[in-house]
Amino acid sequence: MIYFQILLDTIIMLVLCYALAGQPLRLEKKVLMWFLCFHGLCVLFRYQGSSIPGFEINNYDLLPVNNPLLLFLLFLGVLILNSSLIQPLSDMKTIVVTFLSFLTWILIRTFSIAATEFVIDQEAALFPYVHRGGTLFIALVIYYVLIIKRGNSFLGDYSGVFTKIMLIQSALVVFVMITYANFETSFVTQNLLFILIIFSLVISMNLWIIYEQNKRSRHEKRVSAIEQYLPVIDELVSEVRARQHEFHNKLLAIHSIVETAPSLPEVRSQITAYTKDVMMQTEIREILQLDSKVIGGFLYTKIKIAELKKITLTPHVHTLFSQVQTEEHQLVEILGVLIDNAIEASYPGDEIVVSVTRNQEKSFTEITVMNPHPPKSSTQLMQMFSKGYTTKSQAHGNRGYGLYNVKQIVLQQKGKIITRNIEIEGIPYLCIGVQIP
């Protein structure tokens, strides 16, 4: 029955690591590899731990190991598994996830052991299975709250010195306490109130720090987007205002043409020739009417980049961005990847159409980018969003991450990826987009 205990411990740690990493659990090769490797470590340490002098007590209720050395090795093992098999995670986020997984494990396991003792005696054969079942239940609740209900990443990329210090000192406090208790369950039950207070303060402090840094990170990204694209739209508005006097003179000239032209066809001809370079582009009018200056400035920048390559970029925005729940910097990232891919796949003379519409009944916004392209099969369309997939040269660095990152944002927002082959006026177009709340 020891294997069943180890199996429960493996599932608990798997659920906690993926929940705190903000990654949904799926029946995939990497998830199975993580499960098998951790399970193998627990089996190995279970049979090696009892042979180390000073730790003869075979107590594995608190953790899958029963001495500090094996606990350190287990921590390193989980750190390596999280770094290599749970992706994409930065180095700092991997450390955060690993520390928090162990700290959360110990907290909920302590609570489960204490609660189980009120129902079953410690010496009972069912005791280790009941409290593990309770721990697994709480871990699944955490997974439900962080992944299924929230549907977005819980942690950011934290590299601050203060965060590192807090995580290290919190882990040391908990690990020293466990070592002092000699990994015995009786220490938990005899000092329950003290342990719960210490653990709760440690976990709460870390969660608060992570929440605040996540909040600050989102704010910094938004400020960065504003600083980058807001001046663009302000310059465009200033240019239009500066040309108001010029427009007034043009109107006077048109009035003169009407008064002096000998015939109506001549009036039409002269006015058409005169106003050819005066009319404001439809794309510019659309941008000036957007309720988000950041996205407006971003689209104007992309229009100018496309013009340099003799490609027409036509935006059709039929919604207010204030209605979209997805954050502004994430919308810029989505649009940026889709438009950049379309520009790279287009040729001089092609037209790229960017469409943003809102379905009020189903409360989602659809963003699509279409460019001329031969039809692709369903398999090819789905491969485009795989990590590392690219049809471009790798000579200028890593490619194949743009659409994969878009997919991650959409999954976090509980949205959908759109891929279609369509035809406009006999020309085949590739339509790629997203549906987000």
Worksheet item: Where is the tightest heavy-atom contact between Ser112 and His131, given as atom of each residue plus distance?
Response: CB-O, 3.4 Å

Worksheet item: Phe38 and Asp9: which non-hydrogen atoms are nearest, and at how many Å?
Response: CE2-O, 4.0 Å

Practice prompt. Considering non-hydrogen atoms only, spot the tightest contact between Leu16 and Ala139 and give its length.
Written response: CD2-CB, 4.0 Å

Item to complete: Evaluate the side-chain proximity of Glu366 to His318: yes if any heavy-atom separation is below 4.5 Å, no if none is.
Response: no

Fill in: Heavy-atom pair with the smallest gap, counting every atom of Cys431 and Ile422
CB-CD1, 4.3 Å

Response to the item:
Nearest heavy-atom contact between Gln435 and Val410 is O-CG1, 4.4 Å

Fill in: Spacing of Arg132 atom CZ and Leu126 atom CG [to the nearest 0.5 Å]
12.5 Å

Worksheet item: Taking all atoms of both residues into account, what is the closest heavy-atom pair of Trp34 and Cys17, and its distance?
Response: CZ2-SG, 3.7 Å

Worksheet item: Taking atom CG of Leu338 and atom CD1 of Ile367, what is their separation to the nearest 0.5 Å?
Response: 8.0 Å

Discussion item. Less than 4.5 Å apart, side chain to side chain, heavy atoms only: is that true for Phe99 and Val78?
Written reply: no

Worksheet, complete the sentence: Rounding to 0.5 Å, atoms CG (Leu100) and CG (Leu20) come to a distance of 5.5 Å

Discussion item. Within the 4.5 Å heavy-atom criterion, are Gln325 and Thr365 side-chain neighbours or not?
Written reply: no

Fill in: Minimum side-chain heavy-atom gap Ile417-Val434 below 4.5 Å
yes

Item to complete: Run the numbers on Lys309 and Ile343 for side-chain contact (heavy atoms from CB on, under 4.5 Å), then give the verdict.
Response: CA-CA 9 Å; Lys309 298 185 177 184; Ile343 290 175; 3.8 Å; yes

Worksheet item: To the nearest 0.5 Å, how far apart are CG in Leu74 and CZ in Phe102?
Response: 4.0 Å

Discussion item. I'd like to check Glu333 versus Ile409 (side-chain heavy atoms, cut-off strictly below 4.5 Å). Are they in contact?
Written reply: yes

Worksheet entry | Test side chain to side chain donor-acceptor pair (under 3.5 Å) applied to Thr314 and Glu351, step by step | CA-CA 7 Å; Thr314 306; Glu351 180 184 17; 2.7 Å; yes

Discussion item. Just so I know, are the side chains of Ile138 and Thr135 near enough to count as touching, which here means a heavy-atom distance under 4.5 Å?
Written reply: no

Worksheet item: Are His39 and Ile6 close enough that some pair of their side-chain heavy atoms sits under 4.5 Å apart?
Response: yes

Worksheet entry | Arg109 side-chain N/O to Trp105 backbone N/O, donor-acceptor pair under 3.5 Å | no

Fill in: Check: Asn421 and Leu381 side chains under 4.5 Å, non-hydrogen atoms
yes

Fill in: Main-chain N/O of Leu25 paired to Tyr143 side chain as donor or acceptor, under 3.5 Å
yes

Worksheet entry | OH-NE2 distance between Tyr347 and His373, expressed to the nearest 0.5 angstrom | 7.5 Å

Practice prompt. Show your reasoning for whether side-chain contact (heavy atoms from CB on, under 4.5 Å) applies to Leu331 and Phe298.
Written response: CA-CA 10 Å; Leu331 291 173; Phe298 169 78; over 6 Å; no

Item to complete: For the pair Ser83 (side chain) and Leu79 (backbone), establish whether a donor and an acceptor sit closer than 3.5 Å, ignoring hydrogens and angles.
Response: no

Discussion item. Please evaluate residues Asp350 and Asn371 with respect to the criterion side-chain contact (heavy atoms from CB on, under 4.5 Å), reporting the C-alpha separation (whole Å), side-chain torsions for both, the decisive distance (0.1 Å), and the verdict.
Written reply: CA-CA 8 Å; Asp350 286 347; Asn371 63 279; over 6 Å; no

Discussion item. side-chain contact (heavy atoms from CB on, under 4.5 Å) for Val31 and Leu14? Distances and angles first, verdict last.
Written reply: CA-CA 8 Å; Val31 177; Leu14 177 72; 4.3 Å; yes

Fill in: Spatial distance of atom CG (Asn82) from atom CE (Met13) [nearest 0.5 Å]
8.5 Å

